[in-house]
Number of protein chains: 2
Amino acid sequence: MRRSAPTSQDVARLAGVSQSTVSYVLTGSRPISAATRRRVEEAIEKLGYHPNSGARALRSRRSGVIGLMVPEAFGNDAVLMRFVGAIAREAQRFGYDILLVTAQEGARGIHRVVRTGVCEALILMELGRHDERVAAVIEAGLPFVLIGKPVGFPNGSVVDLDFERLGRMVVDRAADEGCERLLLFGEPGHRRHRNDVSRFLLGIEEQAQGRGLEVVLDAGDLPDVPARARELARGGRRTAVFGLNGVTEVLFATAASGALADPELLPLALTDEDLAAISPLLARIPRIDPRRVEISELAVRELVRLLREDGASPRVTLVEPEWVDPDRAGQERPGQERPGQDGGEHGSTPTG
Amino acid sequence: MRRSAPTSQDVARLAGVSQSTVSYVLTGSRPISAATRRRVEEAIEKLGYHPNSGARALRSRRSGVIGLMVPEAFGNDAVLMRFVGAIAREAQRFGYDILLVTAQEGARGIHRVVRTGVCEALILMELGRHDERVAAVIEAGLPFVLIGKPVGFPNGSVVDLDFERLGRMVVDRAADEGCERLLLFGEPGHRRHRNDVSRFLLGIEEQAQGRGLEVVLDAGDLPDVPARARELARGGRRTAVFGLNGVTEVLFATAASGALADPELLPLALTDEDLAAISPLLARIPRIDPRRVEISELAVRELVRLLREDGASPRVTLVEPEWVDPDRAGQERPGQERPGQDGGEHGSTPTG
DNA sequence: TTGTACGCGTTATCAG
DNA sequence: CTGATAACGCGTACAA
């Protein structure tokens with residue numbers, strides 16, 4: 001039978017002070033003499049004291065827990081992992097823990113964790129176009145951040161990759177390299193309902209018009225891709241190929257089965273993997289870094305800002321995609337800077 | 001300014017009963033007349049009442065939260081995702097939430113979440129051979145389950161794939177198909193320190209001896225794989241190739257670049273992906289399902305068992321790997337049953 | 001600069 | 001079958 005955890009009472013006794021003094025040392029909400037502070041801290045150390053989170057949450061209405069609502073598909077999409085890991089680590093840095101809430105629970109899940117007081121803030125991922133959870137989280141009234149920007153969402157903080165710009169970047173690259181055609185994998189046309197895809201296509205279409213590029217939206221299912229790419233390339237017009245999200249790695253590895261050897265094809269990838277490290281066949285593929293770690297960290301920091309500065313108004317932060325080009329040796333080098341951007345996030349626009 | 005969440009007092013007032021009656025209706029720890037129960041439940045529904053988790057945890061010492069300690073590499077290894085998603089969903093089913101604890105925090109992290117009382121139970125993943133966290137979680141004294149079986153770990157509950165059997169299965173398959181050589185990718189020889197790899201190799205070596213199969217442990221880095229496979233196959237002796245964990249998908253897609261077309265090579269994969277759906281090139285690869293979802297669910301259920309039945313002694317549960325063979329049409333069919341196993345978990349051995 | 005006392009919302013032990 | 005009441009451990013207004 002193990003003894004139960006020490007309380008602030010125990011610490012107070014050991015340090016020869018009152019319980020409230022211990023509390024004040026911890027919260028720092030009142031000046032404490034250096035001498036007693038030291039005695040208290042020693043006692044804390046000696047006992048291995050940690051304040052009881054239940055009691056603290058009950059009293060202060062702050063649980064130190066951030067809820068992270070992960071998509072339904074969580075578990076099938078490897079990409080989400082990067083976000084979750086980075087979010088957990090960054091939250092830790094600020095003294096918060098991450099609680100998983102499955103999207104399966106929907107709006108009810110939000111109400112649940114809010115009403116029970118388990119979470120004092122929320123991060124939502126991969127919202128649909130008209131998502132019930134947005135209303136729920138606003139009504140809940142606690143600080144929240146969305147990862148993944150809805151098309152015109154104004155009433156809250158958002159952090160996301162700048163997908164419109166991504167679209168333009170892809171078109172520009174293709175055109176700059178002399179392509180007359182752009183082939184998009186992963187069925188973006190069928191996924192317009194997704195916010196990221198929809199914004200991406202906006203950028204694509206807008207820029208393609210200006211650069212006179214033909215865009216082929218839906219190149220078929222994954223297994224059809226290599227054949228389709230080859231067939232198009234046979235036309236003799238140089239063609240760029242690009243795929244969005246998770247499928248990318250597999251897609252290109254697949255395409256590498258032969259289609260990509262064609263000099264008429266310019267493959268471009270959106271991935272945070274170092275492709276050259278996977279296979280020399282992929283080494284020549286220029287990629288765009290989706291900056292998922294940065295996005296995650298920014299989301300946490302934005303949430304912390306909302307939690308700490310009170311009366312803080314929400315912000316929309318779009319992170320710049322970055323080219324990572326392989327050089328001749330097959331080693332990667334950092335993407336070139338372009339005029340008017342420093343490779344960091346750009347728009348940080350107030351909204352509320 | 002939104003009003004704060006309703007309390008059991010509010011419910012009691014509305015239902016015209018005392019506060020404690022509300023509590024008893026919720027916990028069911030005392031018989032309540034059908035009439036008052038109904039009135040209370042209506043009041044709860046009308047107010048949207050949820051019991052405050054802080055107060056509940058403070059009083060009952062049960063937080064309803066299970067801590068999940070994820071590996072350092074969390075975010076780089078897509079495979080872990082499957083576990084986390086399935087764990088979160090299954091925990092939900094039993095009324096628990098999952099709190100992420102990063103392995104970065106090490107043993108201190110365990111002490112922290114235990115002492116603060118945030119978690120009432122723990123799941124640990126990917127423990128090293130001599131992991132400080134095992135001692136920490138045992139000392140902490142609360143229920144825990146390990147996903148990933150240490151070589152000889154006795155004092156706690158464990159759920160894992162039967163990696164020794166996996167090794168034997170791979171060897172048997174290779175031998176049955178007339179291979180004289182087995183080529184292992186993913187540098188298992190360099191990763192013997194990992195529990196799963198070490199047990200896998202145990203099974204491999206043991207069985208390879210009996211079947212007279214030559215085993216090549218470290219076939220180089222990922223990009224070298226195709227060349228190495230081809231070179232070996234040129235010897236004219238039929239060769240099976242197999243890779244452990246995460247890398248598998250990419251690995252085989254890479255190898256598909258040509259090496260796998262060689263009839264002298266028998267590729268075998270450990271993956272939960274339907275390879276045929278990714279590319280027809282991968283369609284003929286027989287795979288072993290690592291059963292990560294089942295493992296996750298079993299881990300949660302084992303933890304719930306430890307939490308609910310008190311005095312329950314820990315169990316080691318090894319889940320059977322399963323062959324999933326592609327048939328002629330490229331469609332997958334369920335793996336064959338073998339004598340003495342029903343495709344479910346086999347050994348559920350008491351340990352304590 | 002420190003100590004005292006109260007209450008956060010629950011669960012559980014008393015009576016009735 | 002139900003109602004009062006005492007903790008649980010901490011944060012903070014008030015008193016010293």
Side-chain angles (χ1 to χ4, degrees), chain A residues 3-41 43-44 47-65 95 112-118 120, chain B residues 3-41 43-44 47-65 95 112-120 310:
Chain A
R3 71 199 186 298
S4 65
T7 74
S8 57
Q9 277 295 353
D10 301 328
V11 174
R13 245 190 306 277
L14 183 58
V17 299
S18 85
Q19 178 270 323
S20 65
T21 300
V22 176
S23 192
Y24 284 119
V25 167
L26 260 340
T27 62
S29 63
R30 170 202 265 191
I32 297 282
S33 75
T36 51
R37 148 158 289 136
R38 253 180 46 86
R39 299 222 312 290
V40 169
E41 279 166 350
I44 287 177
L47 294 178
Y49 165 77
H50 288 272
N52 179 285
S53 70
R56 167 172 282 186
L58 177 57
R59 195 49 237 224
S60 67
R61 338 214 102 232
R62 284 182 284 104
S63 64
V65 172
R112 184 178 64 81
V113 296
V114 172
R115 297 309 270 271
T116 58
V118 216
E120 55 175 302
Chain B
R3 72 198 186 297
S4 65
T7 75
S8 57
Q9 276 296 353
D10 302 328
V11 175
R13 243 190 307 277
L14 183 58
V17 298
S18 86
Q19 180 274 322
S20 61
T21 301
V22 176
S23 189
Y24 284 117
V25 168
L26 260 338
T27 61
S29 63
R30 171 203 264 192
I32 297 282
S33 76
T36 51
R37 147 158 291 137
R38 252 181 45 85
R39 298 222 313 289
V40 169
E41 278 166 351
I44 288 177
L47 295 179
Y49 165 77
H50 289 272
N52 178 286
S53 71
R56 168 172 281 186
L58 176 57
R59 189 57 236 215
S60 69
R61 336 209 109 247
R62 283 180 285 104
S63 64
V65 172
R112 183 178 65 81
V113 296
V114 172
R115 298 310 269 271
T116 57
V118 218
C119 301
E120 55 175 302
D310 80 2

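The sequence lines fix the lettering, A, B, ..., with proteins before strands; numbering per chain opens at 1. Source: prediction; values computed, not measured.
Taking 4.0 Å as the cutoff to heavy atoms of chain A, we find the contact window on DNA chain D bounded by D:dG9 to D:dC14.
B:R59 meets the salt bridge (Lys or Arg N to Asp or Glu O under 4.0 Å) test with no other residue; sequence neighbours excluded. Taking the salt bridge (Lys or Arg N to Asp or Glu O under 4.0 Å) definition, one finds that B:R62 meets it with nothing, sequence neighbours left out. Residues satisfying the salt bridge (Lys or Arg N to Asp or Glu O under 4.0 Å) criterion with B:R112, sequence neighbours excluded, are A:D97, B:E105. With sequence neighbours left out, A:R61 forms a side chain to side chain contact (heavy atoms under 4.5 Å, CB included) with B:S4.
Between B:T7 and C:dG9 there is no side-chain N or O to OP1 or OP2 distance below 4.0 Å.
Between A:S23 and A:S20, the side chains place no donor N or O within less than 3.5 Å of an acceptor N or O (distance only, hydrogens not considered).
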Evaluation steps, side-chain contact (heavy atoms from CB on, under 4.5 Å), between B:V17 and B:R39
CA-CA 9 Å; B:V17 298; B:R39 298 222 313 289; 3.8 Å; yes
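As rounded to whole Å, 11 Å separates atom C1' of C:dG7 from atom CZ of A:R61. The separation between B:D10 atom CG and C:dT10 atom C1' is 13 Å, rounded to whole Å.
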If the sugar-phosphate is the primed atoms plus P, OP1 and OP2 and the base is the rest, what is the B/S/- string for nucleotides 11-16 of chain C, using protein heavy atoms under 4.0 Å?
BBBB--
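Closest approach of A:P51 and A:R56 over heavy atoms only: CG-NH2, 3.5 Å. The two residues B:S8 and B:V22 have their closest heavy-atom pair at O-CG2, 3.8 Å.
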